[in-house]
Visitor: 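One structure coming up, written as structure tokens, with questions to follow.
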Amino acid sequence: MILSRNLISLSQTKQAHARIIVSGLAGKASLMGHILSFLATFPSSPFDYSLSIYRTIKNPNVFASNNMIRCFAKSDLPLQSLVLYSSVLRNCVRPNNYSFTFLLQACSKGLGLVEGVQVHGHVLKLGFGEDVYVRNALIHLYSSCCRTESSKQVFDESPHHCDVVTWNAMLAGFARDGQVSVVQKLFDEMPERDVISWNTMLMAYVHNGKLGEALECFKRMRESGLVPDEATLVTMLSASAQLCLLEHGQSIHSIIDSLSLPMTISIGTALLDMYAKCGCIEQSRLLFENMPRRDVSTWNVMICGLASHGLGKDALTLFERFLNEGLHPMNVTFVGVLNACSRAGLVKEGRHYFQMMTDSYGIEPEMEHYGCMVDLLGRAGLVFEAIKVIESMAISPDPVLWAMVLCACRIHGLAELGEKIGNRLIELDPTYDGHYVQLASIYANSRKWEDVVRVRRLMAERNTSKVAGWSLIEARGKVHRFVAGHREHEQSLEIQKMLEIIETRLAAAGYVPNVSPVLHDIGEEEKENAIKVHSERLAIAFGLLVTGPGSCIRIVKNLRVCWDCHEVTKMISRVFEREIIVRDGSRFHHFKEGKCSCLDYW
């Protein structure tokens with residue numbers, strides 16, 4: 001009887017096994033070995049069934065044993081394959097290169113470094129050290145166990161016994177270790193590259209925040225003629241989302257459509273995330289509703305996206321729908337839910353879901369959950385309740401939580417409490433500039449200029465300078481970066497003229513500057529000039545210059561938008577009849593017709 005490779009399902013394999021038994025051929029070791037080989041190829045191998053077949057073979061040869069080792073490697077007990085390997089040796093069956101490839105795969109899955117080193121010894125002893133498949137498995141083992149130097153040693157021992165898989169394994173190991181410069185050097189030295197090589201390089205860039213390099217690498221990949229796969233496109237959607245590059249994200253979406261790729265959960269979720277983080281929350285909603293399949297991560301992305309856009313009630317409605325579909329929330333689900341409550345000022349709901357998380361789902365609050373609750377209560381003016389939450393935490397509080405309370409003190413005018421917390425935070429973390437800035441702001445609001453000077457002098461003495469505000473805008477196929485007060489852009493003169501036009505038209509509309517964000521005891525006119533050149537204003541002026549009438553202007557900002565810039569942007573949206581979407585350090589602001597989606601609660 002000849003088994004066809006078209007037998008791909010478990011039920012068909014069992015039918016073939018039954019026919020072998022009925023035909024009286026169950027004693028044929030070669031046939032049983034082939035049955036095992038089919039079972040070993042299934043993504044989730046039916047381990048107990050495979051083992052029962054293996055035990056019926058009187059004297060299993062290396063072929064049958066290798067396939068059983070492979071089944072062990074895919075099971076929940078991968079390191080048990082070593083026990084089988086030992087019995088194979090005791091039965092005087094000589095292992096071959098496939099034996100070691102499957103054994104090393106098992107060690108990689110089980111993170112069995114000690115066992116893997118022992119197998120490596122057998123590899124060298126039996127003369128398989130230059131077999132490319134075994135070498136690839138060894139490199140993967142050491143990389144999986146975070147021993148990249150050992151991987152490199154295996155790689156360097158026989159540089160002529162390598163294929164593209166060997167190089168890719170090395171790239172993946174160093175990428176996992178965060179050594180981007182090493183990955184880049186290896187990538188440049190590769191004699192040939194496949195899609196996996198490019199994907200690994202792209203993921204190394206994106207996971208380590210080198211997003212500009214990722215965009216350039218993707219451009220080179222496209223120029224090389226290689227067709228991107230799902231992993232490539234998901235990675236590039238992530239880069240587009242992080243940089244808020246809508247045009248680039250839309251181009252990736254077009255590639256997905258042109259390749260007729262199916263809307264898998266991974267692609268759909270990445271598209272949702274990209275559109276949400278690029279300010280197109282309605283497009284995210286449309287995609288979400290039209291996805292053929294969703295998993296928990298898809299729901300999490302949609303809930304978090306709605307929360308970041310200030311659509312708190314919509315996020316909670318979606319969460320209730322999530323529960324009604326019988327899905328089980330995760331830690332990150334409740335981060336999105338509590339963040340939604342915080343952004344929309346839904347104190348009662350926030351308390352309810354925080355309690356639900358622990359009582360109904362047994363999820364112990366983590367730092368992010370406590371952070372959402374402290375932020376929610378602090379924004380709502382319940383500062384002392386926020387302090388109680390911190391003091392009752394089961395884990396040691398992060399200074400960031402006290403920084404949230406400090407911010408709440410500034411917003412709600414609790415100068416004495418803010419001064420106490422601010423000074424304590426500076427003692428705990430003297431290197432973080434934000435604590436100094438918040439404390440100086442509290443002093444400035446109280447017009448305690450000597451204390452403002454003292455705090456700023458303390459910053460200078462400790463080499464802690466305030467992080468410069470910057471804003472990004474995508475236009476004409478490029479990303480333009482503006483820093484507060486800088487005039488280095490190639491169209492700086494036109495931008496300054498546009499700023500003057502904005503100032504004139506806003507003044508005619510009744511705009512009066514709010515100079516409270518300027519922490520200096522200087523004249524009002526000087527303060528007004530200081531806030532005029534905040535980075536988002538430069539970016540908006542540039543956007544008005546380079547986009548057509550009625551076009552939406554989209555901006556990404558690294559810091560929280562100041563009160564005056566928030567008011568100015570609202571007025572610009574009305575006076576210039578433009579929709580302006582700003583993603584600042586914590587949320588989205590949709591400015592339209594003189595109003596903001598945050599309803600001035602941020």
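The residues of the chain are indexed from 1 along the displayed sequence.
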Visitor: Between H435 and Y432, what is the ring plane arrangement, given parallel below 30°, perpendicular above 60°, and tilted in between?
Guide: perpendicular

Visitor: Do you know which two heavy atoms are closest between G594 and R574, and how far apart they sit?
Guide: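 Between these two residues, the closest heavy atoms are N-CB, 3.6 Å.
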
Visitor: What are the two closest heavy atoms between I495 and L538, and how far apart are they?
Guide: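 Answer, listing the atom of I495 first, then L538: CG2-O, 4.0 Å.
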
Visitor: How long is the gap from CG on L472 to CZ on R583, to the nearest 0.5 Å?
Guide: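 If I round to the nearest 0.5 Å, the distance is 9.0 Å.
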
Visitor: Of all heavy-atom pairs between V332 and C304, which one has the smallest distance, and what is that distance?
Guide: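 Taking V332 first and C304 second, the nearest heavy atoms are O-SG, 4.3 Å.
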
Visitor: Using every non-hydrogen atom in the two residues, find where N339 and A307 come nearest and quote the distance to one decimal.
Guide: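 For N339 and A307, the tightest heavy-atom pair comes out as ND2-CB, 4.0 Å.
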
Visitor: Does the gap between the ring centers of F354 and H369 come in under 6.0 Å?
Guide: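 Ring centroids of F354 and H369 are no less than 6.0 Å from each other.
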
Visitor: Between D375 and G371 (side chain of the first, backbone of the second, donor and acceptor by atom type, cut-off under 3.5 Å), is there such a pair?
Guide: no

Visitor: Is the H590 ring parallel, tilted or perpendicular to the H309 ring (thresholds 30°, 60°)?
Guide: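 Geometry flag for H309 against H590: tilted rings.
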
Visitor: Has the side chain of R554 got a donor or acceptor atom that lies under 3.5 Å from a matching backbone atom of C278?
Guide: yes

Visitor: For the pair Q491 (side chain) and V546 (backbone), establish whether a donor and an acceptor sit closer than 3.5 Å, ignoring hydrogens and angles.
Guide: no

Visitor: Run the side-chain contact (heavy atoms from CB on, under 4.5 Å) check on V582 and F591 step by step: do they pass?
Guide: CA-CA 8 Å; V582 177; F591 299 94; 3.8 Å; yes

Visitor: If you measure from CD1 on I555 to OG on S471, what distance do you get to the nearest 0.5 Å?
Guide: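 Rounded to the nearest 0.5 Å, the CD1-OG separation comes out at 6.0 Å.
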
Visitor: For M459 and D433: C-alpha separation, side-chain torsions, deciding distance, then whether side-chain contact (heavy atoms from CB on, under 4.5 Å) applies.
Guide: CA-CA 7 Å; M459 286 180 70; D433 68 285; 4.1 Å; yes

Visitor: Between W299 and F288, does the ring centre distance come in under 6.0 Å?
Guide: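 Ring centroids of W299 and F288 are less than 6.0 Å from each other.
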
Visitor: In terms of side-chain geometry, is the basic nitrogen of E385 or K388 positioned less than 4.0 Å from the acidic oxygen of its partner?
Guide: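 Looking at E385 and K388, the cut-off is not met.
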
Visitor: Classify the ring geometry between F319 and F334 as parallel (under 30°), tilted (30 to 60°) or perpendicular (over 60°).
Guide: perpendicular

Visitor: Which distance, rounded to the nearest 0.5 Å, do you find between the CD1 of I442 and the CD of E416?
Guide: 12.0 Å

Visitor: Could you check whether the rings of F542 and H480 sit parallel, tilted or perpendicular, using 30° and 60° as the cut-offs?
Guide: tilted

Visitor: So among Q250, H253, Q283, which one has a side-chain hydrogen bond (donor to acceptor under 3.5 Å, both in side chains) with Y275?
Guide: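 One option only clears the test, and that one is H253.
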
Visitor: Do the side chain of R176 and the main chain of S143 share a donor and acceptor less than 3.5 angstrom apart?
Guide: yes

Visitor: Are V296 and H328 close enough, and set up right, to give a side-chain contact (heavy atoms from CB on, under 4.5 Å), and what steps lead you there?
Guide: CA-CA 8 Å; V296 173; H328 197 283; over 6 Å; no

Visitor: Hey, is the main chain of N300 close enough, under 3.5 Å, to the side chain of T333 for a donor-acceptor pair?
Guide: no

Visitor: Output yes when a side-chain donor or acceptor of R410 lies under 3.5 Å from a complementary backbone atom of L439, and no otherwise.
Guide: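 Flag not set: sc R410 to bb L439 has no pair under 3.5 Å.
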
Visitor: Does CD in E213 sit with more than 12 non-hydrogen atoms of other residues, nucleotides or ligands closer than 6.0 Å?
Guide: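 Yes, enclosed.
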
Visitor: Could you tell me the separation between the OG1 atom of T547 and the CD1 atom of I540, rounded to the nearest 0.5 Å?
Guide: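 Here the rounded value is 11.0 Å.
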
Visitor: Do any N or O atoms from the side chain of S441 and from the backbone of V437 form a donor-acceptor pair under 3.5 angstrom?
Guide: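 No.
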
Visitor: Please answer whether the main-chain N or O of N331 pairs with a side-chain N or O of E366 as donor and acceptor at a distance below 3.5 Å.
Guide: no

Visitor: Rounded to the nearest 0.5 Å, what separation is found between the CG atom of L287 and the CE atom of M302?
Guide: 9.0 Å

Visitor: Is it true that E289 and R321 make a salt bridge, defined as a side-chain N closer than 4.0 Å to a carboxylate O?
Guide: yes

Visitor: Are the side chains of E536 and D584 in contact, using a 4.5 Å heavy-atom criterion?
Guide: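 Side chain of D584 against side chain of E536, heavy atoms only: no contact under 4.5 Å found.
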
Visitor: Starting from the C-alpha separation in whole Å, work towards a yes-or-no answer on salt bridge (Lys or Arg N to Asp or Glu O under 4.0 Å) for K497 and E500.
Guide: CA-CA 5 Å; K497 289 178 182 177; E500 292 172 7; over 6 Å; no

Visitor: Apply the test side-chain contact (heavy atoms from CB on, under 4.5 Å) to residues Y361 and M356: give CA-CA distance (whole Å), side-chain angles for both, the deciding distance (0.1 Å), then the verdict.
Guide: CA-CA 7 Å; Y361 294 99; M356 174 195 283; 3.8 Å; yes

Visitor: Consider side chain to side chain contact (heavy atoms under 4.5 Å, CB included). Of I303, V337, L311, which one does L318 pass it with?
Guide: I303

Visitor: Grab the two heavy atoms, one from V389 and one from Y370, that are nearest each other, plus how far apart they are.
Guide: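 Taking every non-hydrogen atom into account, CG1-CD2, 3.9 Å.
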
Visitor: Quick one, M367 and V400 - any side-chain contact, counting heavy atoms below 4.5 Å?
Guide: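 Counting from C-beta outward, M367 and V400 never come under 4.5 Å.
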
Visitor: How about S238 and Q242: does a side-chain donor come under 3.5 Å of a side-chain acceptor?
Guide: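 The answer is yes; a qualifying pair exists.
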
Visitor: Quick check: are there more than 12 heavy atoms from other residues, nucleotides or ligands sitting under 6.0 Å from CE of M393?
Guide: yes

Visitor: Cut-off 3.5 Å, side chains only: do Y511 and D564 have a donor facing an acceptor?
Guide: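 On atom types as modelled, these side chains qualify, holding a pair under 3.5 Å.
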
Visitor: Donor-acceptor check, side chain of T235 to backbone of M203, threshold 3.5 angstrom: yes or no?
Guide: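 It does not hold such a pair.
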
Visitor: Regarding D295 and T298, do their side chains bring together a donor and an acceptor under 3.5 Å, going by distance alone?
Guide: yes

Visitor: Heavy atoms only: give me the nearest R343-G310 pair and the separation to one decimal.
Guide: CB-CA, 4.3 Å

Visitor: Verify the neighbour count for atom CD of E450: are there more than 12 heavy atoms of other residues, nucleotides or ligands below 6.0 Å?
Guide: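 At most 12 heavy atoms, drawn from other residues, nucleotides or ligands, come within 6.0 Å of this atom.
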
Visitor: Counting N and O atoms only, with roles assigned by atom type, does the side chain of N423 sit under 3.5 Å from a partner on the main chain of E419, one being a donor and the other an acceptor?
Guide: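 Answer holds: yes.
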
